[in-house]
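Here's the structure we're looking at; comments come further down.
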Protein chains: 2
Amino acid sequence: MEELYEPLDEETLFIVSQTFKALSDPTRIRILHLLSSGEFSVTEIANRLSLLQSTVSHQLRFLKNLRLVKYRREGTTLYYSHDDEHVLHILEQTIRHAREH
Amino acid sequence: MEELYEPLDEETLFIVSQTFKALSDPTRIRILHLLSSGEFSVTEIANRLSLLQSTVSHQLRFLKNLRLVKYRREGTTLYYSHDDEHVLHILEQTIRHAREH
DNA sequence: AAATTATATGAACATATATTCATATATTGA
DNA sequence: TCAATATATGAATATATGTTCATATAATTT
């Protein structure tokens, strides 16, 4: 029997699980989905999604640590945008898939 | 400014988050990755991945509920295999992406 | 420098989750 | 029906996680 299966090393496993963990929370999904259409400040995100500023900030830190989002500063305002085409593509792909029942 | 952003309804959000939650745990990732190469019994999975039979069984139930795996019976043995090409494709895609650093 | 606005942070809390152990269930064969 | 084998299940536990509240930090304007 031929074996096309390659066991996963710890590092790969960690990266993959972290990536999907980022996409496993409804709040983070909504934030990333919003950011797929452009850049928004923390307050804008909170208002659009009816979330507390603190909640958004915490989740943005999470996404920032995984380099899924980035920001630029303009005065006191931080404009966040997505920073990982691959992950965003997977998310949008899965959203479409889910919408087809 | 044109708006290409479509808010996510609750149901879609739930399906998407559940799907990614399934892929966010190292044990489930290893199981699904193994099943990408064929069908295996619960005991085989446990042995190959050095996991307790109980752990594997619990996680298979989780994956079964989300219809990510299916099984066929042969005597007392249950052979599990994957049951969602789309999700498996996303997983393998992300594994390859992670392996490229 | 003080006030204002925007964002980040830490602690506390409630909830969710993964694993383990012990045991139950199910199928087969003697 | 009893023994053997394979799998499932439930309770217990430890840990992880998301949200909230209060407050801190940072940049700007007056």
Side-chain angles (χ1 to χ4, degrees), chain A residues 8 10 13-35 38-81 83, chain B residues 8 10 13-35 38-81 83:
Chain A
L8 294 167
E10 275 302 317
L13 203 54
F14 181 75
I15 296 172
V16 172
S17 63
Q18 283 296 109
T19 302
F20 286 125
K21 191 162 291 172
L23 300 174
S24 71
D25 176 70
T27 300
R28 289 192 291 268
I29 292 173
R30 295 174 73 211
I31 291 173
L32 284 172
H33 181 58
L34 176 60
L35 294 185
E39 65 171 17
F40 297 89
S41 72
V42 178
T43 303
E44 282 171 342
I45 296 170
N47 289 338
R48 289 225 183 199
L49 304 183
S50 302
L51 296 168
L52 290 179
Q53 178 269 323
S54 177
T55 300
V56 174
S57 186
H58 278 297
Q59 297 298 2
L60 284 172
R61 178 169 56 175
F62 184 109
L63 296 170
K64 183 78 176 45
N65 286 339
L66 289 176
R67 301 182 194 284
L68 300 185
V69 302
K70 62 179 190 292
Y71 65 81
R72 66 179 179 84
R73 180 180 285 281
E74 205 168 283
T76 58
T77 304
L78 302 185
Y79 289 97
Y80 278 83
S81 55
D83 197 27
Chain B
L8 294 167
E10 275 302 317
L13 202 55
F14 182 74
I15 296 172
V16 172
S17 63
Q18 284 296 110
T19 301
F20 287 126
K21 190 162 292 171
L23 300 174
S24 71
D25 176 71
T27 300
R28 288 192 292 267
I29 291 173
R30 295 175 72 212
I31 292 174
L32 284 172
H33 181 57
L34 175 60
L35 294 186
E39 64 172 18
F40 297 88
S41 72
V42 177
T43 303
E44 282 172 343
I45 296 171
N47 289 338
R48 289 224 184 199
L49 305 182
S50 302
L51 296 169
L52 291 178
Q53 177 269 323
S54 177
T55 300
V56 174
S57 186
H58 277 298
Q59 296 298 1
L60 284 172
R61 178 169 58 175
F62 184 108
L63 296 170
K64 183 75 176 47
N65 286 339
L66 289 176
R67 301 181 192 286
L68 300 186
V69 302
K70 61 180 189 292
Y71 64 81
R72 68 178 178 85
R73 180 182 283 280
E74 205 168 286
T76 58
T77 304
L78 301 185
Y79 290 98
Y80 277 85
S81 56
D83 197 27

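All chains are named by letter (A, B, ...) in the order of the sequence lines, taking the proteins before the strands, and each is independently numbered beginning at 1. These figures come from a predicted structure and were not determined experimentally.
In this structure, A:Lys21 atom NZ and C:dA16 atom P are separated by 16 Å, rounded to whole Å. When the C1' atom of D:dT19 is taken as reference, atom CG of A:Leu51 falls 10 Å away, rounded to whole Å. Between A:Asn65 atom CG and D:dG18 atom P the separation is 13 Å, expressed in whole Å. What separates CG of B:Leu60 from C1' of C:dT19 is a distance of 15 Å, to the nearest Å. Taking atom NE2 of residue B:His58 and atom P of nucleotide D:dA14, one finds them 17 Å apart after rounding to whole Å. Rounded to a whole Å, the CZ atom of B:Phe40 is 17 Å from the C1' atom of D:dA6. Distance A:Tyr79 OH to C:dA6 P: 9 Å, rounded to the nearest Å. Following rounding to the nearest Å, A:Arg28 (CZ) and D:dG18 (P) show an atom-to-atom distance of 4 Å.
The base of D:dA8 sits with one of its N or O atoms less than 3.5 Å from a complementary donor or acceptor on the side chain of B:Gln53.
When all heavy atoms are compared, the tightest approach of B:Ser41 to B:Thr77 is CB-CG2, 3.5 Å. The two residues B:Gln18 and B:Leu66 come nearest to each other via the heavy atoms O-CD1, 3.6 Å. Shortest non-hydrogen contact noted between B:Leu63 and B:Ala22 is CD2-CB, 4.3 Å. The two residues A:Ile31 and A:Gln59 come nearest to each other via the heavy atoms CD1-CB, 3.9 Å. The two residues A:Phe40 and A:Leu34 have their closest heavy-atom pair at CE1-O, 3.5 Å. Taking all atoms of both residues into account, the shortest heavy-atom contact from A:Leu23 to A:Ile29 is O-CD1, 3.1 Å.
In this structure, of C:dA18, D:dG18, C:dA8, it is C:dA18 that holds the atom nearest to the side chain of B:Gln59. Nearest nucleotide to the B:Leu52 side chain, out of C:dT20, D:dT19, C:dA6: C:dT20.
Backbone-only engagement by B:Thr43 is indicated by non-hydrogen atom pairs under 4.0 Å involving sugar-phosphate atoms exclusively.
Side-chain atoms of B:Ser57 do not come within 3.5 Å of backbone N or O of B:Gln53 as any donor-acceptor pair. Looking only at distances, a side-chain donor or acceptor of A:Ser24 sits under 3.5 Å from a matching main-chain atom of A:Lys21.
For the OP1/OP2 pair of D:dT7 and a distance below 4.0 Å, the side-chain nitrogens and oxygens of B:Ser54 include no atom meeting the criterion. Taking side-chain N and O atoms only, B:Ser41 has no distance below 4.0 Å to OP1 or OP2 of D:dA6. When the side-chain nitrogen and oxygen atoms of B:Tyr80 are compared with OP1 and OP2 of D:dA8, one or more of them lie within a distance under 4.0 Å. Between B:Thr27 and C:dT19 there is a side-chain N or O to OP1 or OP2 distance below 4.0 Å. Taking side-chain N and O atoms only, A:Arg61 has a distance below 4.0 Å to OP1 or OP2 of C:dT9.
Note: B:Phe20 and A:Phe20 have parallel aromatic rings, judged against thresholds of 30 and 60 degrees for the angle between ring planes.
From one end of the helix from C:dA1-D:dT30 to C:dA30-D:dT1 to the other, with five pairs defining each end axis, the axis direction shifts by 10° (rounded to 10°).
In this structure, A:Phe62 and B:Thr55 both approach DNA chain D, and ranking their closest nucleotides by distance from the 5' end singles out B:Thr55.
Of all the residues in residues 67-78 of chain B, B:Thr76, B:Thr77, B:Leu78 reach under 4.0 Å from DNA chain D with at least one non-hydrogen atom.
Sequence neighbours left out, the pairs with a member in residues 71-80 of chain B that pass salt bridge (Lys or Arg N to Asp or Glu O under 4.0 Å) are B:Glu39-B:Arg72, B:Arg72-B:Glu74.
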